[in-house]
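Keep in mind that this is a model prediction, so the values were computed, not measured. Numbering of ligands and ligand atoms starts at 1, following listing order.
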Amino acid sequence: VVGVGVDAVDVERFRQGLARYPRLAGRLFTGGELAVVEGTRDPAERLAARFAAKEAVMKALGVGLWRFAWHDVEVEREPASGAPSLRLVAGAAELARDRHVDRWHVSLTHTSQLAVAVVVAEGAL
Ligand SMILES: CC(C)(COP(=O)(O)OP(=O)(O)OC[C@H]1O[C@@H](n2cnc3c(N)ncnc32)[C@H](O)[C@@H]1OP(=O)(O)O)[C@@H](O)C(=O)NCCC(=O)NCCS
């Protein structure tokens, strides 16, 4: 294990942010992420969990905000089981390579109040 990260997001605050800034969702999330949550019971709750995952990746890599773009970390969903996984591209993928990370694990949970993500970075040091 090269790194571990966790993050919790207040769903109500996140929901208000999305409502107040209509362009925010597109800045934070990829088309794939938005497509997955579209039409679900509460997209804001699911997006909050995906945002938590992106912040948890920063923690696992030991970097702060602005070191890579939000779109550089995408939360995918395995169609059959619903299990989430991470895909890193561009700046985030480069940072991961620098830290010899070659495999990511992610787990999400969310309620109407709180969304939490845990990620584990695995690789050869
Ligand atoms: C995983 C599971 C227990 C979570 O249930 P929950 O407590 O109601 O929901 P939580 O908020 O804690 O977690 C939801 C998140 O769990 C994750 N998740 C869903 N299925 C998962 C699975 N098979 N493995 C790991 N994580 C899973 C997803 O990221 C989901 O969030 P999302 O819907 O926004 O993508 C439930 O979805 C389940 O039983 N899934 C198994 C389904 C399965 O294996 N189906 C096989 C085909 S029928």
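Shortest contact from atom 35 (O) of ligand 1 to any protein heavy atom: Arg50 NH2, 2.7 Å. The nearest protein atom to atom 10 (P) of ligand 1, hydrogens excluded, is given as Thr109 OG1, 3.5 Å; this is a heavy-atom distance. Here the heavy atom of the protein found nearest to atom 30 (C) of ligand 1 is His110 NE2, 4.3 Å. Among all protein heavy atoms, the one lying closest to atom 15 (C) of ligand 1 is Leu108 O, 3.4 Å. In terms of protein heavy atoms, atom 24 (N) of ligand 1 is closest to Ala83 CB, 3.5 Å.
Close approach to Arg46 involves these atoms of ligand 1, each under 4.0 Å from a residue heavy atom: 32 (P), 33 (O), 34 (O). Close approach of ligand 1 to Ala80 (heavy-atom distance below 4.0 Å) involves ligand atoms 47 (C). Each of the atoms 32 (P), 33 (O), 35 (O) of ligand 1 lies under 4.0 Å from some heavy atom of Arg77.
Distance check for atom 48 (S) of ligand 1: every protein heavy atom is found at 4.0 Å or beyond. For atom 13 (O) of ligand 1, a protein heavy-atom neighbour is present inside the 4.0 Å cut-off. Not a single protein heavy atom sits closer than 4.0 Å to atom 2 (C) of ligand 1. Distance remark: protein heavy atom not present below 4.0 angstrom from atom 37 (O) of ligand 1. At a distance under 4.0 Å, a protein heavy atom can be found next to atom 18 (N) of ligand 1. The protein does not reach atom 8 (O) of ligand 1 closely, with no heavy atom under 4.0 angstrom from it.
For CD of Gln113, the number of neighbouring non-hydrogen atoms (other residues, nucleotides, ligands) closer than 6.0 Å is 12 at most.
Note on Val63 and Leu88: same hydrophobic cluster, where clusters join Ile, Leu, Val, Met, Phe, Trp and Tyr whose side-chain heavy atoms are under 4.5 Å apart, directly or indirectly. Residues Val9 and Val118 do not share a hydrophobic cluster, clusters being chains of Ile/Leu/Val/Met/Phe/Trp/Tyr side chains in contact below 4.5 Å.
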Please assess Arg15 against Asp42 for the test salt bridge (charged side-chain N to carboxylate O under 4.0 Å, His left out), listing each intermediate value before the final yes or no. CA-CA 10 Å; Arg15 187 193 314 284; Asp42 187 353; 2.9 Å; yes
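Residue Leu47 is tested with Leu24, Leu18, Leu28 for a side-chain contact (heavy atoms from CB on, under 4.5 Å); the sole match is Leu18.
In this comparison of Gly82, Ser81, Pro84, Pro79, the heavy atom closest to atom 41 (C) of ligand 1 sits on Ser81.
Looking at heavy atoms from C-beta onward, Arg77 lies out of side-chain contact with Leu108 at the 4.5 angstrom threshold. Residues Lys59 and Glu55 are not in side-chain contact: their nearest non-hydrogen atoms beyond the backbone lie 4.5 Å or more apart.
Ionic pairing of Glu33 and Arg50 is not present here: no N-O contact between side-chain nitrogen and carboxylate oxygen is shorter than 4.0 angstrom.
In this structure, Phe29 and Phe14 have perpendicular ring planes: the angle between them is above 60°, well past the 30° mark.
Under the 3.5 Å distance criterion, the side-chain polar atoms of His105 are left unmatched by any main-chain donor or acceptor of Leu86.
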